[in-house]
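Structure first, then comments.
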Amino acid sequence: MLFQGRYEKQLKRIKEQNNSSKRVYDTEDIQNVLEKGDVPAMIISALLVIVPIALLFLVAISFIGFHFIVR
């Protein structure tokens with residue numbers, strides 16, 4: 001690499017800067033970070049995304065099966 005020495009010095013400086021700052025998920029448990037209604041909200045939003053796609057897939061598969069039976 002052309003500027004390997006400079007690259008390593010900058011990486012070392014960035015690591016030293018990051019050691020002084022604490023991130024939330026490094027110090028606390030994930031359960032302490034979530035608020036009261038976050039888990040039900042995540043479940044509902046996942047269902048709103050996954051269920052319509054699964055229904056479309058099942059309708060497509062059943063239509064293909066019905067097409068083969070009728071013919």
Side-chain angles (χ1 to χ4, degrees):
M1 186 181 282
L2 188 57
F3 296 105
Q4 185 69 31
R6 288 185 181 182
Y7 177 75
E8 289 176 3
K9 285 179 188 177
Q10 289 297 321
L11 273 179
K12 184 179 177 184
R13 187 178 68 84
I14 289 171
K15 286 180 183 178
E16 288 173 359
Q17 286 178 348
N18 286 342
N19 285 340
S20 64
S21 65
K22 293 288 182 182
R23 294 179 287 190
V24 173
Y25 53 85
D26 286 342
T27 58
E28 295 183 13
D29 191 27
I30 191 69
Q31 291 293 331
N32 295 334
V33 176
L34 294 177
E35 293 181 5
K36 185 177 182 182
D38 284 348
V39 174
M42 286 190 287
I43 292 171
I44 290 169
S45 63
L47 288 175
L48 287 174
V49 171
I50 294 171
V51 169
I53 295 171
L55 285 175
L56 286 174
F57 180 74
L58 290 174
V59 167
I61 295 295
S62 62
F63 179 73
I64 291 170
F66 179 76
H67 181 70
F68 282 118
I69 292 174
V70 170
R71 269 190 148 187

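The first residue of the sequence shown is numbered 1, and numbering continues consecutively from there.
Under the 4.5 Å side-chain contact rule for hydrophobic residues, F57 and I64 do not share a cluster. Follow the hydrophobic side-chain contacts under 4.5 Å out from V51 and you reach I43 in the same cluster. At a threshold of 4.5 Å between side-chain heavy atoms, the hydrophobic network of Ile, Leu, Val, Met, Phe, Trp and Tyr places V39 and I44 in two separate groups.
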